[in-house]
Amino acid sequence: MADASSFSVTTPIFYVNDVPHIGHAYTEVATDVLARWHRQAGDDTWMLTGTDEHGQKILRTATANGVTPKEWADKLVAEAWVPLLETVDIANDDFIRTTEDRHETNVQKFLQKLYDDGHIYTGEYEGYYCVGCEEYKQQSELLPGEGEYEGQLVCAIHSKPVELLHEKNYFFRMSAFAEQLLALYEERPDFVQPESARNEVLSFVRSGLADLSISRSTFDWGVKVPWDDSHVVYVWFDALLNYITAVGYGQDDAEFTRRWPAQHIIGKDILRFHAVIWPAMLMAAGVDVPRGVFAHGWLLVGGEKMSKSKLTGIAPEQITETFGSDAFRYYFLSAINFGQDGSFSWEDLAARYQAELANGFGNLASRVVAMITRYCGGVVPAAAELSAADHEIASIEQRATDASWAAVERLAVHDAIAATWELVDALNGYLTVEEPWTLAKDPHQRARLETVLATAYHGLGTLAVLLSPVLPKATAKLWTALGAPGTVQEQRIDRANEWTLGERVSPLEALFPRIEVAE
RNA sequence: GGGGCGGUAGCUCAGCCGGUCAGAGCAGUGGACUCAUAAUCCAUCGGUCACGGGUUCAAGUCCCGUCCGCCCUACCA
């Protein structure tokens with residue numbers, strides 16, 4: 001049923017000046033799992049991620065480091081952002097940088113079209129500008145400075161002085177799209193998810209929309225406004241367009257039709273840009289709005305939103321070095337209800353790793369493979385007459401397959417994993433009840449022994465397929481040990497329980513070794 | 001000031017339109033078992049569902065108010 005349908009999914013593009021932390025990695029992993037899952041369901045899938053490299057802040061840090069902004073961005077992309085994707089094992093199909101020609105050229109095309117169609121006008125703008133935020137601030141967002149900034153106004157977020165700027169700006173007539181946006185939210189209740197995010201957006205748009213300043217003339221690190229090269233495009237306007245410039249907008253109509261619209265996965269901090277400004281921009285240009293915008297929650301550390309400034313930021317490698325990328329992926333996607341805030345703690349991570357991955361799934365794989373090796377000489381046994389318990393396992397495999405795919409289709413990754421884990425638990429329980437080690441002692445029970453092991457073997461293979469989007473490394477090892485044909489990533493996940501059996505098992509190292517705490 | 005979300009067992013959280021909804025996992029305790037990564041399985045302890053009212057035959061589940069946490073947004077100045 002999933003055949004031939006197209007599924008494009010995106011992460012936000014990273015602001016290169018940021019330091020990668022587990023929040024970035026969380027967004028990437030969630031998006032990657034959705035993409036892998038759809039890919040394995042036969043969908044024509046495309047996962048896009050990338051970097052946002054324009055703006056005054058980058059210009060300034062580059063200058064401070066004595067290099068050009070492009071050199072600065074190149075360095076950060078190579079040293080921080082591409083490595084982040086490797087750290088958490090992301091299988092993206094494309095990586096766009098906003099400094100690439102395919103982006104800049106088509107941003108200009110897009111902008112020119114809005115200009116030609118009367119959606120842009122010239123205006124004056126005066127306001128306090130925070131370089132850190134890359135945006136103008138309202139009075140309410142400013143605080144009186146202290147210490148060295150005594151007497152100045154400082155940004156409430158960055159605690160650095162803001163600058164009073166006065167500039168000619170080009171404005172996007174966003175206010176004209178309020179009604180169309182409301183109609184969109186009405187007609188497509190799933191356009192903004194989860195429900196809490198949709199409520200935020202609705203109340204915001206209902207309260208009225210202002211026009212949006214979309215150019216800057218005080219610095220030049222950005223895409224030039226095509227009809228006035230003394231201005232560069234406002235970074236956010238520029239950044240949002242990556243979603244279409246990356247898939248051929250203005251350049252390759254066939255590709256664009258194939259890949260757009262995409263489902264956006266974002267953090268809730270940038271909800272408004274994606275659920276209001278972005279669709280308004282697209283409406284103005286006569287381009288389809290996104291398939292949907294899904295805002296996930298914050299990772300809370302010690303009950304607070306994780307933040308770089310509060311030093312609660314955690315680098316993904318801190319986790320993957322000890323637990324591995326599979327565990328990172330599994331932990332954040334299973335422990336957190338996708339869309340809600342979730343608490344992170346090392347204790348919880350370690351506990352879940354041990355209980356669920358090592359003792360639950362890993363040990364299950366280990367005991368099944370070991371018994372087939374020991375009792376059947378490594379030859380995959382064939383099932384004979386099936387008992388009620390065997391049929392029950394088969395039906396749980398079916399249920400896990402159906403339920404997890406249904407959950408993924410509604411972006412409930414957390415539910416998909418939970419549905420799959422029922423099979424892990426069922427198989428461990430099945431083995432305890434059937435006691436193949438006892439059957440093995442009685443030659444007359446040979447057929448039953450082989451049937452039990454065949455049933456467990458089959459369930460394990462189904463698990464490998466179902467968990468491959470979340471645990472790509474471990475399931476690949478397991479697939480090999482099961483002696484199954486092809487790669488696990490090639491298996492249809494929406495028919496996970498129909499995989500083709502192998503003939504011989506091979507030794508399996510511990511998928512999730514126990515972690516001895518040395519501290 | 002307006003708005004959004006949340007406050008459920010020690011911990012992390014499920015509980016859709018009101019009627020076995022008082023739950024799960026982990027931790028704790030007791031027992032079984034040995035194929036396996038000292039793993040697995042079973043049983044069990046544990047909560048006045050933030051607080052106060054209200055609607056109802058019936059309310060974590062709806063309404064009002066209060067307190068607490070987080071987030072978005074405004075303004076007097």
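To find a chain, count down the sequence lines: A is the first, B the second, and so on, and within it residues start at 1. Just so you know, these numbers come straight off a predicted model, no measurement behind them.
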With C1' as the reference atom in both, quote the distance from B:C35 to B:U48 in angstrom, rounded to an integer. 47 Å

Please list, by residue number, the residues of residues 439-468 of chain A whose heavy atoms come closer than 4.0 Å to an atom of RNA chain B; answer none if no residue qualifies. none

With P as the reference atom in both, quote the distance from B:U56 to B:G2 in angstrom, rounded to an integer. 29 Å

Is the side chain of A:R399 donor-acceptor paired with the backbone N or O of A:A394 at a distance under 3.5 Å, no angle test? no

Of the listed B:A39, B:C35, B:U12, the closest approach to the A:W437 side chain comes from B:C35

Select one nucleotide: of B:A36, B:C72, B:A38, the one nearest the side-chain heavy atoms of A:R272. B:C72

Tell me whether A:D18 contacts the main-chain N or O of A:P20 through its side chain, where contact means a donor paired with an acceptor under 3.5 Å. no

What interatomic distance, in whole Å, is found between C1' of B:A32 and the corresponding atom of B:C70? 47 Å

Aromatic A:Y185 / basic A:R198 pairing, under 6.0 angstrom, 45° off normal: no

Could you check whether A:R410 pairs with A:D190 (Lys NZ or Arg NE/NH1/NH2 to Asp/Glu carboxylate O, under 4.0 Å)? no

Nearest-angstrom distance from the residue atom CD1 of A:I277 to P of B:C72: 15 Å

Regarding the side chain of A:A355, the nearest nucleotide among B:A14, B:U73, B:C26 is B:C26

Is any side-chain heavy atom of A:F332 closer than 4.5 Å to one of A:I319? yes

Checking the side chain of A:H119 only, and the main-chain atoms of A:A284 only, is there a donor and an acceptor separated by less than 3.5 Å? yes

Please pick, from B:U37, B:C35, B:G3, the nucleotide with the shortest atom-to-atom distance to any side-chain atom of A:S203. B:G3

Using a 4.0 Å heavy-atom cut-off across all strands, classify A:A358 as base, sugar-phosphate, or nothing. base

If we call it a pair only when both distances are under 3.5 Å in a Watson-Crick or G-U wobble match, what pairs with B:C16? none

Reckon A:S343 has a side-chain N or O less than 4.0 Å from the OP1 or OP2 of B:C13? yes

Where the side chain of A:N169 meets the backbone of A:S215, is there a donor-acceptor pair that is under 3.5 Å apart? yes

For B:G3, does the base pair up with any side-chain atom of A:E200 as donor and acceptor (N or O, under 3.5 Å, distance only)? yes

A:E356 CD to B:U12 C1': how many Å, rounded? 11 Å

What contact category does A:F204 fall into here, base, sugar-phosphate, or nothing, at under 4.0 angstrom with non-hydrogen atoms? nothing

Who is the Watson-Crick or G-U wobble partner of B:U40, with both distances under 3.5 Å? B:A32

Counterpart base for B:U55, defined by Watson-Crick or G-U wobble contacts under 3.5 Å: none

Is any side-chain nitrogen or oxygen of A:R198 closer than 4.0 Å to OP1 or OP2 of B:G4? no

Quick one: which of B:C41, B:U37, B:A14 gets closest to the side chain of A:N337? B:A14

In whole Å, I'd like the distance from the CD atom of A:Q340 to the C1' atom of B:U12. 12 Å

Which nucleotide sits closest to the side chain of A:A510: B:G4, B:U37, B:C35? B:U37

Whole-Å distance separating the CZ atom of A:R514 from the P atom of B:A39: 4 Å

Flag if over 12 foreign heavy atoms under 6.0 Å of CD, A:E186: no

Would you measure the distance from the P atom in B:A9 across to the matching atom in B:G47 and give it in whole Å? 10 Å

Classify the nucleic acid contact of A:L271 as base, sugar-phosphate or nothing, counting any heavy atom under 4.0 Å across all strands shown. nothing

Separation of B:C11 atom P from A:E347 atom CD, nearest Å, is 14 Å

Pairing of A:K268 and A:D341 as salt bridge, 4.0 angstrom limit: yes

Please classify B:G30 as syn or anti, treating any glycosidic angle within 90° of 0 as syn. anti

If the P atom of B:A38 is compared with that of B:A50, how far apart are they to the nearest Å? 42 Å

How far, in whole Å, is B:C11 from B:G3 if one measures between their P atoms? 32 Å

Report the distance from atom CG of A:L478 to atom NZ of A:K473, rounding to the nearest 0.5 Å. 16.0 Å

Rounded to whole Å, how long is the line connecting atom CG of A:D415 with atom C1' of B:G25? 14 Å

Complementary nucleotide for B:G6 - Watson-Crick or wobble, under 3.5 Å: B:C68

Tell me which of A:N428 and A:K268 sits closer to the 5' end of RNA chain B, going by the nucleotide each one is nearest to. A:N428

Roughly, in whole Å, what's the span from CG in A:N359 to P in B:A39? 5 Å

Examine the base of B:A36 for any acceptor or donor lying under 3.5 Å from a partner atom in the side chain of A:N363, and report the outcome as yes or no. yes

Could you say whether A:G362 or A:R352 is positioned toward the 5' end of RNA chain B, judged by the nucleotide with the nearest heavy atom to each? A:R352

Pairwise P distance, B:G69 and B:C16 [rounded to whole Å]: 26 Å

Starting at atom CZ of A:F361, determine the distance to atom P of B:U40, rounded to an integer number of angstrom. 15 Å

I'd like the C1' distance from B:C45 over to B:U29, given in whole Å. 7 Å

